[in-house]
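The structure appears below as structure tokens.
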Amino acid sequence: MLMPQDKGPIDQTGEWEALQRHWESLAGRHMRDMFATDPQRSERYSLSACGLELDYSKNLVDEKAMELLLDLAAAAGLPAWRERLFAGDRVNTTEQRAVLHMALRSLGDRAYRCDGEDVMDGIRSVLARMRAFSEKVRNGAWRGHTGEPITDIVSIGIGGSSLGPKMACEALRPYQRADLRVHFVSNVDEAHLASTLESLDPASTLFIVASKTFTTQETLTNARSARDWLVRRLGGEAAVASHFVAVSTNAEAVAAFGIDTEHMFEFWEWVGGRYSLWSSIGLPIALAVGFERFEELLAGANAMDEHFLSAPLEHNMPVILGLLGIWYRNFAGCDSLAIVPYHQHLEYLPAFLQQLDMESNGKQVTRDGVPVSYQTGPVIWGAPGTDAQHSFFQLLHQGTRAIPVDFILPLCPAYDLPGHHDKLVANCLAQAQALMRGRSADEVRDEMAAAGLPAERIEALVPHRTFPGNRPSNLLVFDRLTPQVLGALIALYEHKVFVQGVIWGVDSFDQWGVELGKQLAGQILRVFEGDGASQGTDASTAGLIRRYQEAACSRQA
Ligand code: G6Q
């Protein structure tokens with residue numbers, strides 16, 4: 001099929017040029033005035049879907065900008081690419097893979113096929129095993145080697161095999177039980193595993209080794225050390241069977257590690273790491289909050305899939321969010337996007353979205369290998385409010401460059417502690433308002449004059465206390481962070497990233513950029529092990545290798 005990107009680079013299209021011209025024509029327009037002249041602005045630029053409301057009225061857009069952005073999506077062939085994604089075409093072109101994480105949350109209402117084969121039976125069978133296993137652990141029927149019920153679960157995995165479940169378990173903390181704790185170990189730094197194991201009793205600890213390939217250095221190193229710890233403390237290899245399960249696509253490597261494949265939860269090549277929390281990689285979530293809640297999470301994501309597939313582009317939340325990102329990245333020259341959840345339990349959401357977005361769209365060539373002549377994925381970063389207000393918000397308000405912000409806000413509190421939630425909500429709304437409105441020099445003068453400051457002091461302070469405003473933000477609100485809402489929220493960002501990848505013409509589902517560092521780490525490790533030479537290494541790295549080999553800790557090791 002001839003796809004629109006095959007027609008030539010997107011930045012050579014008339015749609016792109018029209019957007020460029022329109023951005024220039026908006027220079028000098030302030031959002032304050034846009035609000036003042038359009039009482040309907042907030043309704044005009046708001047959308048609801050799957051329990052989420054997106055207010056995107058505090059963006060530097062007018063109706064023409066939105067029309068032109070939608071024209072660009074059409075020029076990039078977004079509807080056709082969306083069809084191909086859901087049809088199981090190999091849209092991950094460089095790895096020749098289909099991308100079907102949506103099938104994992106389809107719950108039977110839509111058939112998904114890979115190479116003509118229905119994938120739903122396999123999914124249902126793994127889900128049934130996850131349900132049975134999680135129920136057994138949660139009701140105490142699954143016992144450790146010495147007959148103890150499980151009180152602590154340690155999930156060992158990294159990147160896509162850790163960030164999603166870790167973020168979701170924390171987000172759903174109010175649904176967790178106090179007597180079943182879930183821990184995540186990812187870093188090969190022994191501090192991570194050692195400090196996690198410190199307070200655990202091996203007799204009641206269950207390890208999940210989560211690795212799609214089951215070859216990842218960090219995960220296997222941590223898993224081996226965890227197994228040694230367990231075997232030493234429980235007195236023999238026989239203990240491994242009741243304390244280790246695996247989540248992987250690689251049964252052979254799981255068996256070679258010493259985990260019975262009866263205790264392995266399968267998933268498939270067509271599930272990308274950063275899109276895998278919906279698969280058996282989500283086992284820690286099912287264990288932490290119960291299988292029904294895990295199904296609710298899947299249902300929320302499924303609802304967003306259906307919305308993405310069927311809503312007209314102009315009312316389609318992932319499309320609108322994606323296009324606004326294109327507007328700022330490619331026409332306004334913004335380099336980054338801040339994610340600021342006003343919910344403490346969404347603490348790990350910025351890190352999760354950082355991987356989702358930056359690994360997917362941090363690309364410099366198109367699917368055909370041609371260097372792009374425009375910017376692609378922005379830097380994604382952030383932290384929860386209100387804490388973030390007391391750290392990086394200064395730069396957002398008065399720094400030299402505009403950084404768009406996604407504010408994420410639950411309208412109802414997760415706990416019943418009076419006197420907090422009003423303040424949380426007030427702060428979030430105030431930050432978005434302040435970024436948009438700013439504060440003019442005259443307002444600063446009036447305020448200081450009213451406070452009785454002398455004229456000279458006022459004039460000295462005016463430049464420091466003036467806020468330019470006109471800084472864009474989205475506000476994503478929902479009632480409560482239920483599993484459904486969380487599912488919809490994650491799927492919203494997944495599809496947003498897809499929309500942007502289609503417009504940029506990149507393969508959003510590969511990650512070759514992580515390879516080189518892995519290879520070089522392997523070479524350096526061989527030098528440490530006396531099985532390789534540092535010849536050919538640059539002087540800086542060679543010097544640091546020597547420095548490490550001479551260090552007291554290295555000689556002791
Ligand atoms: C995600 C990436 C990457 C991957 C990790 C772990 O999309 O592919 O973050 O998830 O490298 O890989 P394994 O699951 O194979 O251990």
Side-chain angles (χ1 to χ4, degrees), residues 88 90-101 103-104 114-115 119 122-123 126 129-130 154-167 184-189 192-193 207-227 240 244-285 351-352 354-356 358-360 362-363 494 507-526:
R90 294 179 184 264
V91 295
N92 178 353
T93 44
T94 72
E95 294 181 307
Q96 286 286 294
R97 287 182 186 162
V99 176
L100 281 175
H101 48 275
L104 300 163
C114 183
D115 291 334
V119 296
I123 293 171
V126 174
R129 291 188 58 228
M130 286 171 70
V154 180
S155 179
I156 299 178
I158 197 164
S161 296
S162 171
L163 287 163
K166 180 178 164 184
M167 177 273 293
F184 289 87
V185 171
S186 50
N187 200 331
V188 77
D189 180 352
H192 203 175
L193 181 66
F207 292 95
I208 301 173
V209 186
S211 174
K212 182 175 174 182
T213 56
F214 228 78
T215 57
T216 304
Q217 185 196 59
E218 293 95 323
T219 300
L220 291 188
T221 304
N222 278 323
R224 280 189 210 105
S225 299
R227 190 179 57 188
V240 172
F244 271 81
V245 300
V247 174
S248 189
T249 58
N250 186 348
E252 218 174 292
V254 168
F257 179 85
I259 297 176
D260 187 343
T261 47
E262 287 284 300
H263 296 163
M264 169 182 147
F265 297 85
E266 187 194 1
F267 65 113
W268 303 272
E269 198 188 57
W270 42 260
V271 185
R274 54 195 173 274
Y275 298 89
S276 65
L277 76 93
W278 321 102
S279 71
S280 46
I281 287 288
L283 187 61
I285 311 171
F352 170 78
Q354 197 166 54
Q355 183 199 27
L356 175 67
M358 294 172 77
E359 208 163 64
S360 297
K363 309 287 162 67
E494 286 179 350
D507 184 342
S508 298
F509 300 106
D510 63 10
Q511 57 283 313
W512 300 104
V514 296
E515 287 297 315
L516 178 61
K518 278 193 196 174
Q519 278 172 19
L520 294 180
Q523 281 172 27
I524 295 173
L525 196 57
R526 282 195 288 282

For [X] versus [Y], what's the shortest heavy-atom pair and its separation?
{"X": "Gly164", "Y": "Leu277", "answer": "CA-CD2, 3.8 Å"}
{"X": "Gln355", "Y": "Leu163", "answer": "OE1-CD1, 3.4 Å"}
{"X": "Pro165", "Y": "Gly160", "answer": "CD-O, 4.5 Å"}
{"X": "Ser508", "Y": "Tyr275", "answer": "O-OH, 4.0 Å"}
{"X": "Ala226", "Y": "Leu193", "answer": "N-CD2, 3.8 Å"}
{"X": "Thr219", "Y": "Ser211", "answer": "CG2-CB, 4.1 Å"}

Handout entry: side-chain contact (heavy atoms from CB on, under 4.5 Å) partner of Phe509, chosen from Asn92, Thr93, Thr94
Key =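 Of Asn92, Thr93, Thr94, side-chain contact (heavy atoms from CB on, under 4.5 Å) with Phe509 is met by Asn92 alone.
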
Exercise for the section: Go through Phe214 and Met264 one step at a time and tell me if the side-chain contact (heavy atoms from CB on, under 4.5 Å) criterion holds. Expected result: CA-CA 12 Å; Phe214 228 78; Met264 169 182 147; over 6 Å; no

Problem - Worked check of side-chain contact (heavy atoms from CB on, under 4.5 Å) between Val126 and Phe267 - result: CA-CA 8 Å; Val126 174; Phe267 65 113; over 6 Å; no

Problem - Asp115 bridged to Arg90 by N-O distance under 4.0 Å - result: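 Salt bridge present between Asp115 and Arg90.
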
Would you check if the side chain of [X] reaches a backbone N or O of [Y] as a donor-acceptor pair within less than 3.5 Å?
{"X": "His192", "Y": "Phe184", "value": "yes"}
{"X": "Asp510", "Y": "Trp512", "value": "no"}
{"X": "Lys518", "Y": "Gln217", "value": "no"}
{"X": "Lys166", "Y": "Ser155", "value": "no"}

Handout entry: Criterion side-chain contact (heavy atoms from CB on, under 4.5 Å) on Gln511 and Glu95, from CA distance to verdict
Key = CA-CA 10 Å; Gln511 57 283 313; Glu95 294 181 307; 3.6 Å; yes

How far does [atom1] of [X] sit from [atom2] of [Y], to the nearest 0.5 angstrom?
{"X": "Gln96", "Y": "Glu269", "atom1": "CD", "atom2": "CD", "answer": "10.5 Å"}
{"X": "Glu266", "Y": "Asn250", "atom1": "CD", "atom2": "CG", "answer": "11.0 Å"}
{"X": "Thr221", "Y": "Asn187", "atom1": "OG1", "atom2": "CG", "answer": "11.0 Å"}
{"X": "Thr249", "Y": "Phe265", "atom1": "OG1", "atom2": "CZ", "answer": "15.5 Å"}

Handout entry: salt bridge (Lys or Arg N to Asp or Glu O under 4.0 Å) against Glu359, all qualifying residues, sequence neighbours excluded
Key =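 Listed in chain order: Arg274.
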
Practice task
Establish, yes or no, whether the cationic atom of Arg227 lies under 6.0 Å from the six-membered ring centre of Phe207 and within 45° of the ring axis.
Solution key: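 No; the conditions do not both hold, so Arg227 does not lie above the ring face of Phe207.
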
Exercise for the section: Mind running side-chain contact (heavy atoms from CB on, under 4.5 Å) on Cys114 and Leu100 for me, showing each step along the way? Expected result: CA-CA 8 Å; Cys114 183; Leu100 281 175; 3.9 Å; yes

Problem - Within 6.0 Å of CD in Glu252, more than 12 heavy atoms from elsewhere - result: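 No - once you tally the heavy atoms of other residues, nucleotides and ligands closer than 6.0 Å, there are 12 at most.
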
